[in-house]
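Worth saying up front: this structure is predicted, and the values here are computed from it rather than measured. Letters A, B, ... are given to chains in the order of the sequence lines, protein chains preceding strands, and every chain is numbered from 1. In what follows, every heavy atom counts, from backbone to side chain, and hydrogens, waters and symmetry copies are set aside.
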Amino acid sequence: MPISFYNSLSRRIEPFSPQDPQRVTMYLCGPTVYNYVHIGNARGPVVFDVLARLLRRHYPQVVYARNITDVDDKINAAAQAQGVEIGAITGKFAQAYRDDMAGLGIAAPDLEPRATDHIPPIIAMIERLIAGGHAYAAEGHVLFDVSSYPSYGNLSGRDTEELIAGARVEVAPYKKNPADFVLWKPSTPDLPGWNSPWGIGRPGWHIECSAMSEAHLGETIDIHAGGIDLLFPHHENEIAQSTCAHGGKVFARWWMHNGMLTFDGRKMSKSLGNVLLVHELLKTHPPEALRLRLLSGHYRQPLDWSDNAIAQAVSTLDGWYRVLRDVADIELPAGDLPVPGSVEAALCDDLNTPQALAELSQLADLARQHRSPEAKAALLGGGALLGLLQQEPEMWFKRGGSAVDAAHIEALLQQRLEARSARDFARADAIRAELTALGIAIEDSAQGTRWSVMKS
RNA sequence: GGCCAGGUGGCAGAGUGGUCAUGCAGCGGCCUGCAAAGCCGCGUACGCCGGUUCGAUUCCGACCUUGGCCUCCA
């Protein structure tokens, strides 16, 4: 099945094919680890996790790198504020990040390069840029010379003139051109630093991704992904650095950008303060509902986050898991789960996850009606490609079971059964009301009475 | 101000030049001791104004409006 994606570089949907038919290379800009991430930060990782799953079905090898930025001014500030080494900060939050991502059902990337492990390649790349006339040292800094790269601005649709004229930030005196950006900056003794030809310093943010991408995936990669807010200046700068360091070779053949998550109508961001941490949300909501919500809009569109939206996702999953519970006794066919063509086709069409979810609903209807091994396998297979329906139905409905006293509930259900047998419906209904008060919903079925934790 | 992306039924959210999105919620019926679940059915949705067209939510233009980027940011 052919795959097409929107390419931010050409601004159109193009049929996808990797440079090497045997191997797809993909890079996603990862977090700067100085704090817990919010749910908006998780949208890209979830969306591109689905992309990686799709690509792995189509190509023998997919090398997916998601970096960790572990040297940065904000990290320095956090470390100084707490009086610890930066490693204490970055180690803690890198692990928190992995935990959060795993909690959302995101498969670990193949590679997780860290900036501080790549100082020599970063320095080497900067040296190449200087040698090629694309960068210059000034007052302990090394800056990229934007005027040396005429295509600067192609990705974001800006021209250099405009950037110079519209510069809103105070221009550092050592810059030749206001749009020039830093590749290397000096460090003071109280800050982390590495020896370099330009003195003790640390890398600028943009060069890290260029160097790590080159080190692990080569000079030209197939897909570079990230949030739309990184389009400029981050990705624009990466293109400039990598292209100039590689003698004009194409840096990334596809650029894919996910839209922003909004909350209260505004972009969710740390600087606006309207954030919900993944770490916290995972404690209070079923993780798959969070994931479903993130996939319920097309990845390039903005997506609004709200309690109501989470509740709707929970209800949707309730319906699907009810089907799976109804077919729990049906044996799956031997072998790997199949991937239904309808779900795959939706994803092959520029990763149309809302369409894929609509197809999944159809598969749930079919499984409920047919109760066949094939229909059950199709539902589970479609879910698996999206990273959904990954738990046992009973676990889903018991919501992990930690907060409820299952034995007490079963006892009440037994009493209700006895009351009903005696046709004492007043008592039976009283027991049901008691369960409702405990937050337990019940269903009488041919197989007996089932209970589940009501959605919060 | 410049560049970019949107405005779809109660909510969420795809898509398309002319019979259907889908989910959640709601309403009616069947079923049920009653519920729940399930099944059947229901709602004349595409910002506004023009234009193109036999026909536009879908194409074109103006307008109104929301958001993103231009600074760290997924």
Checklist entry - For U32(B), which nucleotide in any strand shown is its Watson-Crick or wobble partner with both distances under 3.5 Å? => result none
Next on the checklist: Counting only side-chain heavy atoms from C-beta out, which of A14(B), C4(B), C69(B) sits nearest to Asp229(A)?
Outcome noted: C69(B)
Checklist entry - Say you pick atom P in U19(B) and the same atom in C11(B); how far apart are they, in whole Å? => result 25 Å
Checklist entry - What does Arg420(A) touch in the nucleic acid at a heavy-atom separation under 4.0 angstrom: a base, only the sugar-phosphate, or nothing? => result base
Item to check | Out of C39(B), G68(B), G13(B), whichever nucleotide has its closest atom nearest the side chain of Arg368(A) | outcome: C39(B)
Next on the checklist: For Trp396(A) and Tyr321(A), take the angle between the two ring planes, folded into 0 to 90°, and tell me which bin it lands in: parallel under 30, tilted 30 to 60, perpendicular over 60.
Outcome noted: parallel
Next on the checklist: Please classify the nucleic acid contact of Thr316(A) as base, sugar-phosphate, or nothing, using heavy-atom distances under 4.0 Å.
Outcome noted: sugar-phosphate
Checklist outcome for this item: The residue, Ser156(A) or Ile39(A), whose nearest nucleotide of RNA chain B is more 5′ is Ser156(A)
Checklist entry - Taking OP1 and OP2 of G15(B), is either one under 4.0 Å from a side-chain nitrogen or oxygen of Asn352(A)? => result yes
Checklist entry - For C20(B), which nucleotide is its Watson-Crick or G-U wobble mate, given both distances must be under 3.5 Å? => result none
Checklist entry - Atom CE of Met212(A) and atom CZ of Arg114(A): how far apart are they, to the nearest 0.5 Å? => result 10.5 Å
Item to check | Nucleotide nearest Arg293(A) (side chain, heavy atoms from C-beta), chosen from G13(B), A36(B), G68(B) | outcome: G13(B)
Checklist entry - Considering only heavy atoms and no angle criterion, is a donor-acceptor pair shorter than 3.5 Å present between the side chain of Gln312(A) and the base of G23(B)? => result yes
Checklist entry - Considering only the P atoms, how many Å lie between A56(B) and G17(B), rounded to the nearest integer? => result 15 Å
Item to check | Rounded P spacing from A62(B) to C4(B) in Å | outcome: 13 Å
Next on the checklist: So Arg66(A), base contact, sugar-phosphate only, or nothing? Heavy-atom distance under 4.0 Å.
Outcome noted: nothing
Next on the checklist: Does Gly44(A) reach a base, just sugar-phosphate, or nothing at all? Heavy atoms under 4.0 Å.
Outcome noted: nothing
Checklist entry - Looking only at side-chain N and O atoms, does Lys267(A) come under 4.0 Å of OP1 or OP2 in C69(B)? => result yes
Checklist outcome for this item: Pairing partner of C3(B), by Watson-Crick or G-U wobble and under 3.5 Å for both distances, is G68(B)
Next on the checklist: Quick check for you: among A14(B), A25(B), G33(B), whose closest atom lies nearest to any side-chain atom of His298(A)?
Outcome noted: A14(B)
Checklist entry - Relative to Phe397(A), does Arg450(A) satisfy both conditions: NZ or CZ under 6.0 angstrom from the six-membered ring centre, and within 45 degrees of the ring's axis? => result no
Next on the checklist: Suppose we define a pair by two distances each less than 3.5 Å, Watson-Crick or G-U wobble; what does C49(B) pair with here?
Outcome noted: G61(B)
Next on the checklist: Closer than 4.0 angstrom, basic N to acidic O: yes or no for Asp318(A) and Arg325(A)?
Outcome noted: no
Next on the checklist: Can you classify the ring geometry of His224(A) versus Trp255(A) as parallel (below 30°), tilted (30 to 60°) or perpendicular (above 60°)?
Outcome noted: parallel
Checklist entry - Reckon Gly40(A) touches a base, only the sugar-phosphate, or nothing at all at heavy-atom distances under 4.0 Å? => result base
Checklist entry - Could you state the CZ-C1' distance from Arg158(A) to C69(B), rounded to the nearest angstrom? => result 5 Å
Item to check | Length of the CG-P vector between Asn308(A) and G23(B), whole Å | outcome: 17 Å
Next on the checklist: Does Gln301(A) reach a base, just sugar-phosphate, or nothing at all? Heavy atoms under 4.0 Å.
Outcome noted: sugar-phosphate
Next on the checklist: Assuming nearest nucleotide by heavy-atom distance, tell me which of Asp326(A) and Leu357(A) is located more 5' along RNA chain B.
Outcome noted: Leu357(A)
Checklist entry - Touch check for Leu231(A), heavy atoms < 4.0 angstrom, all strands: base, sugar-phosphate only, or nothing? => result nothing
Next on the checklist: Need one value for Leu303(A): base, sugar-phosphate or nothing, where a base atom within 4.0 Å counts as base even if backbone is also close, heavy atoms only.
Outcome noted: sugar-phosphate
Next on the checklist: Taking only the C1' atom of each, what is the distance from G2(B) to G55(B) in whole angstrom?
Outcome noted: 39 Å
Item to check | Basic-acidic side-chain contact under 4.0 Å: Asp326(A), Lys376(A) | outcome: no
Next on the checklist: I'd like the P distance from C60(B) over to U22(B), given in whole Å.
Outcome noted: 28 Å
Checklist entry - Between the base of A35(B) and the side chain of Arg432(A), is there a donor-acceptor distance below 3.5 Å? => result yes
Checklist entry - Can you tell me how far C1' in G13(B) sits from the matching atom in U8(B), rounded to whole Å? => result 9 Å
Checklist entry - In terms of side-chain geometry, is the basic nitrogen of Arg66(A) or Asp49(A) positioned less than 4.0 Å from the acidic oxygen of its partner? => result no
Item to check | Polar pair under 3.5 Å, donor/acceptor by atom type, side chain Asp444(A), base C34(B) | outcome: yes
Checklist entry - Which is true for Gly265(A) with a 4.0 Å heavy-atom rule: it touches a base, it touches only sugar-phosphate, or it touches nothing? => result sugar-phosphate
Checklist entry - If you look at every strand shown and take non-hydrogen atoms under 4.0 Å, does Asp429(A) touch a base, only sugar-phosphate, or nothing? => result base
